[in-house]
Amino acid sequence: MTYPTQPTASHYINGQYVEDTAGAEIPVIYPATGEVIATVHAGTETVVDKALAAAKAAQPAWAAMTGRERGRILTRAAQIIRERNYDLSVLETWDTGKPLQETLVADATSAADALEYFGGLAGSLTGEHIPLGENWAYTVREALGVCVGIGAWNYPTQIACWKASPALACGNTMVFKPSETTPLCALKIAEILTEAGAPPGVFNVVQGMGETGAQLVTDPRVAKVSLTGSVPTGKRVYSAAASHMKHVTMELGGKSPLIVFEDADIDNAVGGAILGNFYSSGQVCSNGTRVFVHSAIKEQFLTRLAERLKGAVIGDPMDEATSFGPMVSERQLEIVLGYIAKGKAEGARLITGGNRLETGGFFIEPTVFADVTDEMTIAREEIFGPVMAVLDFTDEDEVIERANATDFGLSAGVFTRDLSRAHRVIGKLQAGACFINSYNDAPVEAPFGGVKASGVGRENAKAAIEHYSQLKTVFVRMGDVEAPY
Ligand SMILES: NC(=O)c1ccc[n+]([C@@H]2O[C@H](COP(=O)([O-])OP(=O)(O)OC[C@H]3O[C@@H](n4cnc5c(N)ncnc54)[C@H](O)[C@@H]3O)[C@@H](O)[C@H]2O)c1
C-alpha cells in the first residue's frame, strides 16, 4: 500500500476539506485485494446543510460572471487534470478496481474532455431575438440555481465531470454526492476546480449513502437533480424531485441489444461485443449484453469470441499489462455470481468463464452464455458484470421486435456491411445512444442518454445545456399599451 489514498477529509465544501466524524463510517475497499484503503464519513445533516448553503451563496456571483470567465476556469481545470492524468488514473483504479490500462485513457481524460468542451461553450450561451411586427421579444438563457449531482460507482471521475461541466458552464453551482462505494475521485476534482480558480462554494462534495442523496434531492434550495444510477433508484429520485417540481436528468441502467447480421465482419463484431460486455469488467450502463447473432454465423462468432477472450489479461489492476479487473465490490460479485447460477439453471449453454477467481479480490472470469432465450433472467435483467448473453435470430423484423421488448432503452448496436440495413434497423430500435459497426463510444461532442426506463434528459454535447439552463422570455412593446378600460 504505497499510494496515499486516505483523503485529507471526507467532504469538500466552500473551497475546503471538511470533516465531521459524527457521520457513519464508509470504508473504501480496494476491489483487487479486499483491503480497506481509506475511510470517509457520511455527511451529517450539518454537513449537508453547510454544502447547500455554500452552493446557494456562491451561485449568484458565479452566474454573474461572463460565460467566458467561467469557461476559462473550467478549461484550466481540464488542463490540470491532463497534467495529473497518471495520479488521477491511479486513484480511479484504487477507488474502482478498473485496470490502470483503462483508467489512463478513459476516466480523467474523459473528465478533462467535458470540462474543456463546456468551458469552450460557456461564452456562447445566448438567447434569441424574436421579431413581432412593431414589437419584439427576446430570450435569455439563465442558470437554474443549485444543482445536485449523484453518482454511480463505475466511473466516479467521469460522472462528477459530466455533471459539473455543463452545470457550471451555465452558471449553476453544484453539490455532488459520489457513490458510497467510490468516494475518493470527486474530492480531487473539487480540489482541482478550486486550484483552477472556481470560487468557494461553486463545486462541493458530500459523502453518503442513499439517505444523504435523498436529503439533498428534497431540499428546497435545490433546483435540479442529476442522477447516474439504477432504474429503481432513478424512480425514487425522480418522484422525490417531481414532488418539489425540480428539474431532473436521469442516467439509468440498461439491457441493450447488439445485433450481428450474417454479413458482418466477424472480427469487428466480436471486438464490439467484447467492448460492449467486458470493458470495466462489464460494469458499464450502456453495455450491449443481449448479443443477437444471426444463426448462420453463430458458431463462427462464438468460436472467435472464445479465442479472443483467452487474450484477456486478468490480474493486478495496477499492472499496465492487465486488461480485465475485479468487480467493484463483494456485493456486486455476489450479484453477478447469482446471475451466472441462474443462467446455468435456466438452461443457457456456458461457452466460457462462469467462475470466481480465488485471488482474494472480487474477480470473475469473462463469461459467455449461448442459446439464451428471451425469457431467461440473464436476457431480461441488468447484471452489471462480465456476463454476455448470445441469442439466435434469423429475421430482421423479428430481431427488432425482440430487441425492443424490454423496459430499458439506453443503447443499441448493429454490425453489418449493408449500411442501408444498418440505418433502417437503428431507426427502429428504441434506444438513446446507438452504434453502427462499433460499440460504447461516448465522445463529449455527442449527446448521451436513454429512452424508456433508462432515463430522462441528455448528458454531453450542446444538448446538455438545455438540461442545465432555462429560458426567460421578455416581451417588449414599442408603442402604447391599449387596455380595454
Ligand atoms: N446511464 C448512465 O449514464 C449510467 C452510467 C453508469 C451507471 N449507470 C447505472 O448505475 C447502476 C450502478 O450504479 P449503483 O449501483 O451505484 O446505482 P444505485 O442506483 O444503487 O446508486 C446510485 C447513486 O444513488 C444514490 N442513492 C441511492 N438511493 C438514493 C435515494 N433514495 N435518493 C438519492 N440518492 C440515492 C446512491 O448512494 C448512489 O450514489 C447501474 O444500473 C448502471 O446501469 C448508469
Answer yes or no: is there a side-chain heavy-atom contact under 4.5 Å between [X] and [Y]?
| X | Y | answer |
| --- | --- | --- |
| T212 | V48 | yes |
| N154 | T96 | no |
| I383 | I335 | no |
| V148 | F176 | no |
| T173 | F203 | no |

Short side-chain to backbone donor-acceptor contact, [X] and [Y], under 3.5 Å:
| X | Y | value |
| --- | --- | --- |
| R290 | L391 | no |
| S281 | Q283 | no |
| N172 | L168 | no |

Side-chain donor-acceptor pair present, [X], [Y], cut-off under 3.5 Å:
| X | Y | answer |
| --- | --- | --- |
| D107 | T157 | no |
| N440 | N287 | yes |
| E382 | S230 | no |
| T93 | T103 | yes |
| Y30 | T5 | no |
| S89 | N85 | yes |
| Y155 | S110 | no |

Subject >> Result of checking V399, V260, L419, V425 against V414 for side-chain contact (heavy atoms from CB on, under 4.5 Å) >> reply: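 Of the listed options, the one satisfying the test is V425.
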Indicate the atoms forming the closest heavy-atom contact of [X] with [Y], along with that distance.
| X | Y | answer |
| --- | --- | --- |
| F415 | S438 | CZ-N, 3.3 Å |
| A412 | S256 | N-CB, 4.4 Å |
| V28 | P183 | CG2-CG, 3.5 Å |
| I426 | C434 | CD1-CB, 3.8 Å |

Under the side chain to side chain donor-acceptor pair (under 3.5 Å) definition, can you give me all pairs with a residue in [range], not counting sequence neighbours?
| range | result |
| --- | --- |
| residues 476-485 | none |
| residues 116-133 | R82-E116 |
| residues 443-456 | Q430-K452 |

Which residues share a ring-ring contact (aromatic ring centres under 6.0 Å, His included) with [X], sequence neighbours left out:
| X | value |
| --- | --- |
| F448 | W162 |
| F292 | none |
| Y279 | none |
| F435 | Y439 |

**OP:** Apply the test side chain to side chain contact (heavy atoms under 4.5 Å, CB included) to residues V202 and M174: give CA-CA distance (whole Å), side-chain angles for both, the deciding distance (0.1 Å), then the verdict.
**Re:** CA-CA 6 Å; V202 165; M174 178 166 271; over 6 Å; no
Please tabulate, for the side chains in residues 37-46, all donor-acceptor contacts under 3.5 angstrom to protein atoms that are two or more places apart in sequence or on a different chain.
from, atom 1, to, atom 2, distance (Å)
H41, ND1, G23, O, 2.9
T44, OG1, D20, OD2, 2.7
T44, OG1, V47, N, 3.3

**OP:** Could you give me the CA-CA distance, side-chain angles and deciding distance for R84 and E195, then say whether salt bridge (Lys or Arg N to Asp or Glu O under 4.0 Å) is met?
**Re:** CA-CA 13 Å; R84 297 188 196 152; E195 195 180 331; 2.6 Å; yes
**OP:** Check the pair K98 / E92 against salt bridge (Lys or Arg N to Asp or Glu O under 4.0 Å), numbers first and verdict last.
**Re:** CA-CA 7 Å; K98 291 185 294 182; E92 175 95 15; 3.0 Å; yes
**OP:** Give the intermediate values and the outcome of side chain to side chain donor-acceptor pair (under 3.5 Å) for residues S10 and E19.
**Re:** CA-CA 6 Å; S10 300; E19 191 54 275; 2.9 Å; yes
Taking salt bridge (Lys or Arg N to Asp or Glu O under 4.0 Å) as the definition, give me every residue that meets it alongside [X], ordered by chain and number, with sequence neighbours left out.
| X | answer |
| --- | --- |
| D219 | R221 |
| E69 | none |
| R380 | none |
| D374 | R402 |

Original post:
K163 and T228: side chain to side chain donor-acceptor pair (under 3.5 Å), yes or no, with the steps?
Top reply: CA-CA 9 Å; K163 297 188 188 310; T228 298; 2.7 Å; yes
**OP:** Tell me, with the steps shown, if K472 and E142 meet salt bridge (Lys or Arg N to Asp or Glu O under 4.0 Å).
**Re:** CA-CA 7 Å; K472 172 180 278 172; E142 293 187 337; 2.8 Å; yes
**OP:** Check the pair K246 / T218 against side chain to side chain donor-acceptor pair (under 3.5 Å), numbers first and verdict last.
**Re:** CA-CA 9 Å; K246 296 182 198 299; T218 47; over 6 Å; no
Original post:
Which value, rounded to the nearest 0.5 Å, describes the distance between L410 atom CG and C285 atom SG?
Top reply: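 With rounding to 0.5 Å, CG (L410) is 5.0 Å from SG (C285).
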Original post:
Could you state the interatomic distance from OG1 (T416) to CG (N268), rounded to the nearest 0.5 Å?
Top reply: 12.0 Å
Original post:
Looking at E211 and K177, does any basic side-chain N land under 4.0 Å from a carboxylate oxygen?
Top reply: no
**OP:** With K188 as the cation and Y12 as the aromatic partner, state whether NZ or CZ is under 6.0 Å from the six-membered ring centre and within 45° of the axis.
**Re:**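 Geometry flag: not set, cation outside 6.0 Å or 45°.
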